[in-house]
Amino acid sequence: MINSTQYIDDRDLDIIPEDKIHEIIEKNRRVDKREILDILTEAKKLKGISLEHTAKLLMVEDNDLLEEIFQTASYIKNEIYGKRLVLFAPLYISNLCHNECLYCAFRATNKHLTRKILNQDEIAEEVTALIDQGHKRVLMVAGESYPKEGFEYVLKSIDTIYSVNRGKGKEIRRVNVNVAPLEVEEFKLLKDAKIGTYQVFQEVYHYDTYKKIHLGGQKRNYKYRLRAIDRAFQAGIDDLGIGILFGLYDYRFEIIALRMHIRHLEKEFGLGPHTISVPRLEPADQSDIAKNPPAPVSDKDFKKLIAVLRISVPYTGLILSTRETPQMRREAFSMGISQISAGSRTNPGGYHVAPENHEEGMAEQFSLGDTRPIDEVVRDVVKFGFIPSFCTSCYRSGRTGLDFMELAKPGEIKKFCAPNAVLTFMEYISDYASDETKQEGMKLIKQILKEINSPKIEKKYQQIIDGERDIIV
Ligand code: SAM
Ligand code: SF4
């Protein structure tokens, strides 16, 4: 293990030129109302905006101008994705970790935590519980060291997740993964295991902060982590997710750095990430930093940064987790979030073992802001006019990477999103929803079907009512 006394300079100025980022921020500090409105008008053409304009929007503090930013983000989200909001659940398979990230309960030196590595039977039990709630998409998550099988454990776990079937159409149809950065050859195996998205968050792009907070294990190597997405692309995975853990360093710097990262990927591989995650630091067992973030992001700034990301990189999915409270999540839906987790547990075994039976020290990775069951989240999404979607169609129809972008850029993707959202939501309503959710959901489905106005989709909808499942548009 690399320990905190070793300091290897592994910054990566080719991708993250810090001086240039500071310069962009300094040059764009002054906010002129007319200029901001012009940037927003330009943004509505759905072509994204420059780094300089992104920095300008991030400086806005005035509430009326912020409202303009929110409305532009909402317009863009609606133009590209329509009203759908995709739902998923994280599945923590192991909390074993050799790294020393000061904000995380799973870090190696946290002796207070009971280590738990789910075996394949236990993973199957977790998946059973998730399928029985209505989930179709899972994000498999693990700490960064594996039991004795090594990386094989990850591959076996993906197979196990796909293998559980609870009746017609009642299965997990897409497994995304958030595990330690890999070598190209290992990424190839991950691709062969038929994953959806591979996610890895840089956490904090600012180099000195990164080094102060990641004290041991492979994650201490900044460059190795930053280049993980390159290696995944080289291995042929074209559906990739990046993210920032907000609260560690100034959010304006971090967003411009993330845009620099995307620019590098577009230059090298012709394609940026498919998703961006925006976790905000939450309290975690035995972590001072998690309780007292060094660069806290207020709710106002958090909403702003989500909206600015939607405007800045319009075709990239934005993911919000249950770290946030129901109120924040509601507000974020309209500002451009396109995927949310629901009914989450962040401790291995959290779905099938009742909380009263958890062993002492079986802490969650961090505390959750939204602990509502999925049915309540679904009802809430409907109440705010969005269609809860369990769609896994793009990835299974090969619409990934450049193919996805070719559809997204001319605004074609929502022609797939809305029908797939309606069909998969109808499956949820038929198989899992409470009476109250059914009632509210059916009103929305009828309205959306009217808007779609397609005999072909009506027919498919009828097939779902007649008991067919997993009909892909
Ligand atoms: N171990 C892998 C890693 O670190 O990339 C994958 C899983 S890790 C459990 C998933 C993410 O949880 C991390 O990338 C980090 O952003 C987030 N996380 C860790 N501690 C957190 C905290 N206290 N509050 C919010 N998010 C946290
Ligand atoms: Fe391990 Fe990931 Fe937690 Fe860091 S964030 S301690 S790598 S599980």
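Numbering of ligands and ligand atoms starts at 1, following listing order.
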Would you mind checking if [Y] and [X] are paired as a salt bridge, meaning a charged N to carboxylate O distance below 4.0 Å?
X      : Y      : answer
Asp299 : Arg280 : yes
Asp208 : Lys212 : no
Asp380 : Arg329 : no
Glu122 : Lys116 : yes
Glu376 : Arg379 : no
Arg323 : Glu282 : no
Glu61  : Lys304 : yes

- [ ] With heavy atoms under 4.0 Å as the rule, classify the contact between Ala142 and ligand 1 as side chain, backbone, both or neither.
- [x] backbone

TODO: Could you tell me whether a side-chain N or O of Asn99 sits under 3.5 Å from a main-chain N or O of Lys219, the two making a donor and an acceptor?
DONE: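 Yes, Asn99 side chain to Lys219 backbone: donor-acceptor pair under 3.5 Å.
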
- [ ] Verify, without hydrogens or angle tests, whether Lys191 (side chain) and Gly236 (backbone) share a donor-acceptor contact under 3.5 angstrom.
- [x] yes

Task: In the protein, N/O/S atoms that are found under 2.8 Å from atom 1 (Fe) of ligand 2, waters not counted - done: Cys97 SG

[atom]: nearest protein contact (heavy atom, Å):
atom                    : result
atom 20 (N) of ligand 1 : Tyr103 CD1, 3.3 Å
atom 4 (O) of ligand 1  : Lys219 NZ, 2.8 Å
atom 3 (C) of ligand 1  : Glu144 OE2, 3.0 Å
atom 26 (N) of ligand 1 : Arg323 NE, 2.9 Å
atom 9 (C) of ligand 1  : Gln365 NE2, 2.8 Å
atom 13 (C) of ligand 1 : Glu203 OE2, 3.2 Å
atom 6 (C) of ligand 1  : Asn178 OD1, 3.0 Å
atom 5 (O) of ligand 1  : Arg225 NH2, 2.7 Å

Open item on the list: Please determine whether any non-hydrogen atom of Cys101 lies less than 4.0 Å from an atom of ligand 1.
Closed with: no

- [ ] Determine, using heavy atoms of Val200 and all atoms of ligand 1, whether some pair is separated by less than 4.0 Å.
- [x] no

- [ ] Examine Glu282 against ligand 1 and note whether any of their N/O atoms are separated by less than 3.5 Å.
- [x] yes

Open item on the list: Tell me whether Cys104 has any N or O atom under 3.5 angstrom from an N or O of ligand 1.
Closed with: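 No, no N or O pair falls under 3.5 Å.
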
- [ ] Check the pair Phe88 / His135 against ring pair (Phe, Tyr, Trp, His ring centres under 6.0 Å), numbers first and verdict last.
- [x] CA-CA 6 Å; Phe88 71 94; His135 280 291; 8.2 Å; no

Could you list the atoms of ligand 1 found under 4.0 angstrom from a heavy atom of [X]?
X      : result
Val141 : 7 (C), 9 (C)
Phe366 : 21 (C), 22 (C), 23 (N), 24 (N), 25 (C), 26 (N), 27 (C)
Arg280 : 25 (C)
Ala284 : 23 (N)

Task: Reported CE-to-CZ distance for the pair Met328 and Phe302, which is rounded to 0.5 angstrom - done: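 So the CE of Met328 and the CZ of Phe302 are separated by 6.5 Å.
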
Task: Matching residue for Tyr210 among Tyr222, Tyr224, Tyr249 - test: ring pair (Phe, Tyr, Trp, His ring centres under 6.0 Å) - done: Tyr222

Open item on the list: More than 12 heavy atoms of other residues, nucleotides or ligands under 6.0 Å from NZ of Lys300: yes or no?
Closed with: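 Yes, the 6.0 Å shell around NZ holds more than 12 heavy atoms from other groups.
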
TODO: Flag the pair His214 / Tyr103 as yes when their ring centroid distance falls below 6.0 Å, and as no otherwise.
DONE: yes

